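Bear in mind the structure is a predicted one, so any value in this text is a computation, not a measurement. The sequence lines fix the lettering, A, B, ..., with proteins before strands; numbering per chain opens at 1.
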There are 2 protein chains.
Amino acid sequence: MSRAASIKDVANHAQVAVGTVSNVLNNPDRVSKRTKDRVLQAIDELGFVRNDAARQLRAGHSRTIGVVVLDVGNPFFTSLVRAAEDAAAVNGSAVLLGDSGHDANRESHYIDLFQEQRVQGLLISPVGDVADRLEALRQRGVPTVLVDRLADEDRFSSVSVDDDAGGYLAARHLLDLGRRKLAFVGGPLSIRQVSDRLAGARRAVAEVDGAALEVLDSDGQSVLAGRGVGNSLMERGAGNMPDGIFCANDLLALGVMQSLTMMNGVRIPDDVALIGYDDIDFAVSAVVPLSSIRQPTDAIGRTAIELLTEELDAQHPRHRAVVFTPELVVRQSTAGVEATP
Amino acid sequence: MSRAASIKDVANHAQVAVGTVSNVLNNPDRVSKRTKDRVLQAIDELGFVRNDAARQLRAGHSRTIGVVVLDVGNPFFTSLVRAAEDAAAVNGSAVLLGDSGHDANRESHYIDLFQEQRVQGLLISPVGDVADRLEALRQRGVPTVLVDRLADEDRFSSVSVDDDAGGYLAARHLLDLGRRKLAFVGGPLSIRQVSDRLAGARRAVAEVDGAALEVLDSDGQSVLAGRGVGNSLMERGAGNMPDGIFCANDLLALGVMQSLTMMNGVRIPDDVALIGYDDIDFAVSAVVPLSSIRQPTDAIGRTAIELLTEELDAQHPRHRAVVFTPELVVRQSTAGVEATP
DNA sequence: TCGTAACAATGAAACGATTCAAAGGCGAGA
DNA sequence: TCTCGCCTTTGAATCGTTTCATTGTTACGA
């Protein structure tokens, strides 16, 4: 169990100076072919691998970007992270992934960790009130781009989707089908995305005479939570059911669907039209294929890295807020009975 | 944009030696309360954060474990990684996550990266033939635990699920329902998990007179790939259809289901019984709730970290191969017509 | 043949935290 | 008052890499 070879070992083995070995690795054209070959052979023979810690100690920063998401289990973020990873790789950077799980403490923990790692920058979809911490980080040359969250442009760049517009789209779609007793499922409302989607839905409902929207707070964002809401909805009896349900995300919608159709025989979309949000892969393979609002996750991830790179490169960057507009995806769960032959 | 504060800055600010600051951080009880308070105040005022690069340079290793999975999009791995993360956190270690995407080059790339990072150890669910590289790493004090893959115990520890037993369970279940014309969907067969599941299925089929199993190679492991297989199955016409399909994972099964039921009106389970593998969250909310084989992902992740820790602690550890047995989960997609009233 | 420019290779210094042998300070007991 | 021992604090050495001013070498034109 021998210690890992260092650049010094390589230098000795190849009979050159340490600086030369370093040049072979970082400035190959400054080194003559003869020497280079000798060094490369030594590297090979010793199985030398660069020590990144020493490297970034010298450099003062790593080649790493920290990403803190709300929930890695959520396909929206999985997809986003993957796009960010690919985009970062182009610049030779790797991604460190942290999952806050909607918990401000865990979030804070990851910011600590990433700060210790001296990440180049941060992509974060914040839970708690971390603006001041991030501001302090920025002052030290570690920029942050907020993801899935519109930022105050004076302070940070951000990439987001217009959740209000998404909520409007969803509710408007239900209203266009002739539904009037709408319900919004989502929670906790303290999450900005959730409350924005609700606000958009309210806006749409306000435009239509005789339309009403009730809010059903869910305990979390999972299929299970959705099922819970569905079950409590069923307890009301058929007369008090909404005829259109908009869920703050697809997982909730799938849970609601499960509860209504499988356990209680409610027909979707005939009795109740249902629409989710995020358009995850599984939306299409639900009991009744689920209508949803699609967010351009790839573009979000890519753009986030782009904005971060801008901030890293420029001396006094202007912060930018890029807002993507989501898109309505109609499937069977809201295929209006009118539309069905 | 000031440089980040170093331990030296803290020492100056608090009027103590650098060694004292280090002691405050690492051996608080060696320092008098008076001094400690002064140092802590300085740390606070300067916003000092430990530089992990310097720390691990000195230490010779990081407090990090590298994890390379086949596909982060696959909930099996997401769940496994999360469990591993939690288990590692108990030892004060963090996890670096790499996604090989079934690509030996990407896998190799991540091993390089993690080696540069001087990870303490590696959890890997290998694609290519990396045994020799991992062996070399182990010789240098960086142990590996193979995940979801039975290892040669002479060389590595491993945590796996008995895929052969799982395949047997699935096929046996279909046979018990009276199905005789079985099909196995999965690919590429070069992936050990896939071929093991197939082998188990073959074993079950061999036990029953008049039972046959055909193999349908899928192009990947996604819902889309499954849909592709389903479509090409439909082109055969009704007479040539299998009456029981076993898919190497749930994503494939959902794709097949989609193709057969939604696009082609095949009844599941009446015409064709369908079973998947992994029992992902969405299995239960598919068009027809999907029977599956459940793997204990949490236990796998936890155990993997446990084995790794053993190898790190012991001088001459004995390698262990822990094999979990999967479990049959019956849902509607194989609820035998016999069983339905 | 000499001078000079272009090119190669050198090796010491620096990055920031940890470690550890050594020094300093203090009080108690002789 | 002196000594011994204990507790606290010190600061130089170390980890492995990169950088850069310096030295050494070569080739070419005058």
Visitor: Determine: side-chain N/O of A:N51 to OP1/OP2 of D:dT17, distance under 4.0 Å, yes or no.
Guide: no
Visitor: Go through A:F48 and A:L25 one step at a time and tell me if the side-chain contact (heavy atoms from CB on, under 4.5 Å) criterion holds.
Guide: CA-CA 11 Å; A:F48 165 79; A:L25 296 170; 3.8 Å; yes
Visitor: Looking only at atom types and distance, does a side-chain atom of A:S62 sit under 3.5 Å from a main-chain N or O of A:R118, one as donor and one as acceptor?
Guide: yes
Visitor: Would you indicate what B:S22 reaches in the nucleic acid, counting non-hydrogen atoms under 4.0 angstrom: base, sugar-phosphate, or nothing?
Guide: base
Visitor: Please report, rounded to the nearest Å, how far the C1' atom of D:dT18 is from the CZ atom of A:R63.
Guide: 13 Å
Visitor: Using atom NZ of B:K33 as one end and atom P of D:dT9 as the other, report the distance to the nearest whole Å.
Guide: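 One finds 13 Å between P of D:dT9 and NZ of B:K33, rounded.
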Visitor: Return whichever of B:N23 or A:T20 has its heavy-atom-nearest nucleotide of DNA chain C closer to the 5' end.
Guide: A:T20
Visitor: Rounding to a whole Å, what distance do you find between A:I7:CD1 and C:dA12:P?
Guide: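 Distance, rounded to whole Å: 15 Å.
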Visitor: Once you round it to whole Å, what is the distance between C1' of C:dC20 and CG of B:N27?
Guide: 11 Å
Visitor: Taking only Lys NZ, Arg NE, NH1 and NH2, and the carboxylate oxygens of Asp or Glu, determine whether B:D132 and B:R155 approach each other closer than 4.0 Å.
Guide: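 Looking at B:R155 together with B:D132, the answer is yes, because their closest N to O distance falls below 4.0 Å.
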Visitor: Nearest whole Å is fine: how far is C:dT19 C1' from B:Q56 CD?
Guide: 17 Å
Visitor: Kindly indicate whether the side chain of B:R58 and the base of C:dT18 share any N or O donor-acceptor pair separated by less than 3.5 Å?
Guide: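 A donor-acceptor contact between them is present.
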Visitor: Examine D:dT9: is either OP1 or OP2 under 4.0 Å from a nitrogen or oxygen in the side chain of B:R30? Give yes or no.
Guide: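 No, because none of the side-chain N or O atoms of B:R30 sits under 4.0 Å from OP1 or OP2 of D:dT9.
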Visitor: Mapping B:V31 and A:R55 onto DNA chain D by nearest heavy atom, which one lands closer to the 5' end?
Guide: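 Mapping each residue to its closest nucleotide by heavy atoms, the 5'-most match is B:V31.
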Visitor: Under 4.0 Å, heavy atoms only, any strand: does A:G60 hit a base, just the sugar-phosphate, or nothing?
Guide: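 The residue A:G60 makes no contact with any strand.
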Visitor: Strictly below 4.0 Å, N to O, side chains only: are A:K33 and A:D37 in salt-bridge contact?
Guide: yes
Visitor: Considering every strand and a 4.0 Å limit on heavy-atom distances, what is the contact class for B:D52: base, sugar-phosphate, or nothing?
Guide: nothing
Visitor: Can you name the nearest heavy-atom pair linking B:A42 to B:A14, along with the distance?
Guide: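 The answer is CB-CB, 3.7 Å.
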Visitor: What's the CD-P distance between B:Q15 and D:dT9, to the nearest Å?
Guide: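 Taking CD of B:Q15 and P of D:dT9, I get 14 Å after rounding.
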Visitor: Separation of B:L25 atom CG from C:dT19 atom P, in whole Å?
Guide: 11 Å
Visitor: Give one of base, sugar-phosphate or nothing for B:V16, where a contact means two heavy atoms less than 4.0 Å apart.
Guide: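 Sugar-phosphate only.
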Visitor: Rounded off to whole Å, could you give me the CD1-to-P distance for the A:I43 and D:dG16 pair?
Guide: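 It works out to 16 Å between those atoms.
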Visitor: Closer than 4.0 Å, any side-chain N/O of B:R50 to the OP1 or OP2 of C:dT18?
Guide: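 For B:R50, the contact criterion (side-chain N or O under 4.0 Å from OP1 or OP2 of C:dT18) is met.
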